[in-house]
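What follows is one structure encoded as structure tokens, with my remarks underneath.
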Number of protein chains: 2
Amino acid sequence: MTWTDHFPELKKLPEPSQSMVERAGRVVSLPAGAVVFGPGQPPQNYLLLINGTVRVHQLSEAGREIVLYRVTAGESCAMTTACLIGDEVYQAEGVAETPIEAVALPKAAFDEAISKSPEFRRFVFAALSSRMTNLFKLIEEVAFSRIDIRLAQRLLDLAGDSDRVPMTHQQLASELGTAREVISRQLTEFQRRGWVATSRGALTIVDAAALRQLINAR
Amino acid sequence: MTWTDHFPELKKLPEPSQSMVERAGRVVSLPAGAVVFGPGQPPQNYLLLINGTVRVHQLSEAGREIVLYRVTAGESCAMTTACLIGDEVYQAEGVAETPIEAVALPKAAFDEAISKSPEFRRFVFAALSSRMTNLFKLIEEVAFSRIDIRLAQRLLDLAGDSDRVPMTHQQLASELGTAREVISRQLTEFQRRGWVATSRGALTIVDAAALRQLINAR
DNA sequence: ACTGCGTCTGTGACGATGTCACGGTCGGTT
DNA sequence: AACCGACCGTGACATCGTCACAGACGCAGT
């Protein structure tokens, strides 16, 4: 068993592409909280995530931040791909949210794989274009959506299957690119309506249906 | 002389790539105001702009809009590229701002050129990654920048070498993804300070230095 | 248990931006 | 001249961001 088992699309590569990619990649591990990449650095490797999640966020000079997207197991990092191809430096920061395992494919091997394997190329650029689509959606939300709706969406998303969101108000504010006070007020209101229950450093979704209804209204 | 003369990067392609690309592309013309592509459509062709500019903007359900970027002569459209590669439909709208001439390369020929010519590939993906970089910048501005600063930047940008911006307040609002009233108030203030002179459907920049200073302050 | 101490949360005041509802002005057409 | 649609100005109010500050909570050390 090799690391390509984690990436169904790569596992289907015809030989000799697959073994080429397998041999060139090194598996690396990082602890939760590690900075995977940061603004100003040029990327050295193409990254494929095997385990864990990486949060990619933009930082403003004023200290505010907004989450651009998350990279989850089985995905590659769009910003790394774009910078690698365009020979640019990172603009955003990537932070491991959990302990992670990833495959690092050196730039030279990446270039070679891109040029020699149409399937690998499709895998890389399909991921890139899908992330680009997400970014357009994000722009629309930041520019035009009300904060209560965005918060409701994000809470449901972060809770996943559970009903628990183990984050502080400040962290939620950073998710949406807004200020802590704004989140505090919205959550107070959500709680008043019986939609969530708050506690220090976490909250519980009580009435998910109501949150979904808020999102779909107007 | 062929249309590849308009694209220095393509002109340098080694044979037989260049003649392949040249033969497959058709030159098309559209009048100013024409909708080049719109939400929900799948792209049919890779587009290279020879003359004119195309404005690509996102529309919200509420009728607001924001300009994502412009495609100018010698460039390709990032959204078209991304959708073509990822087999997705357009999310935004592209409108010809001037009469345009463009080269349309059918999807099949595009795929073939991508796979057979490393140089063409580099040209395509460098453009894509550079546009992606711009989008991150846009997100930061929308999320964190004050509207007066964004307006000043955009005015200087739209004026170019001249000092004239022939747009209505509504059009400027659509550039920045805000409301007309907001622009009206900002321009009233700019005029009060003697930085611009307004007239119906256009404005003139009187003190570009002051606008630049506003941008660089804080 | 008591005491600090840093982090997290709540809140009022106010500025900046978005929304709504008007009314006035300008240019071109009939 | 009269009309009409597009463009612009403005007040009132809602929402969101910023600032300042206070209280509450959890943890460490005693």
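Closest to the side chain of B:Arg200, from the set D:dA6, D:dC8, C:dG6, is D:dA6.
The backbone N or O of A:Leu176 lies less than 3.5 Å from a partner atom in the side chain of A:Arg150, making a donor-acceptor pair. A donor-acceptor contact shorter than 3.5 Å links the side chain of B:Arg64 to the backbone of B:Gly177.
Distance CD (B:Glu189) to C1' (D:dT10): 15 Å, rounded to an integer number of Å. D:dG17 atom C1' lies 12 Å from atom CZ of B:Phe144, rounded to whole Å. Across the protein-nucleic acid pair, B:Gln170 atom CD and D:dA6 atom P stand 12 Å apart, rounded to whole Å. Between the CG atom of B:Leu203 and the C1' atom of C:dC26 there is a distance of 17 Å, rounded to whole Å. B:Arg192 has its CZ atom 20 Å from the P atom of D:dC8, to the nearest Å. Atom C1' of nucleotide C:dG18 and atom CZ of B:Arg146 are separated by 15 Å, given to the nearest angstrom. Taking atom CZ of B:Arg150 as the reference point, atom P of D:dG17 lies 14 Å away to the nearest angstrom. One can place CD1 of A:Ile149 at 18 Å from P of D:dA14, the figure rounded to the nearest angstrom.
Annotation for B:Glu65 and A:Phe144: closest pair C-CZ, 3.7 Å, computed over non-hydrogen atoms.
Using a 4.0 Å heavy-atom cutoff across all strands shown, B:Arg64 reaches sugar-phosphate atoms only and no base atom.
Where A:Ile147 and B:Ser199 each meet DNA chain D at their nearest nucleotide, the meeting point lying more 5' is that of B:Ser199.
Results of the side-chain contact (heavy atoms from CB on, under 4.5 Å) test with A:Ile100 over A:Thr53, A:Val54, A:Asn51 single out A:Val54 as the only residue that passes.
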* Asked: After noting the C-alpha distance and the side-chain angles of A:Glu189 and A:Arg185, does the key distance pass the salt bridge (charged side-chain N to carboxylate O under 4.0 Å, His left out) rule?
  -> CA-CA 6 Å; A:Glu189 178 63 16; A:Arg185 281 177 196 132; over 6 Å; no
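A salt bridge does not link B:Glu75 to B:Arg70: none of the charged side-chain nitrogens sits closer than 4.0 Å to a carboxylate oxygen.
Distances shown here put every side-chain N or O of B:His169 at or beyond 4.0 Å from the OP1 or OP2 atom of D:dA6.
Judged purely by distance below 3.5 Å, without hydrogens or angles, the side chains of B:Tyr46 and B:Thr80 never pair a donor atom with an acceptor atom.
Residues of residues 176-188 of chain B that place a heavy atom closer than 4.0 Å to DNA chain C, in numerical order, are B:Thr178, B:Glu181, B:Val182, B:Arg185, B:Gln186.
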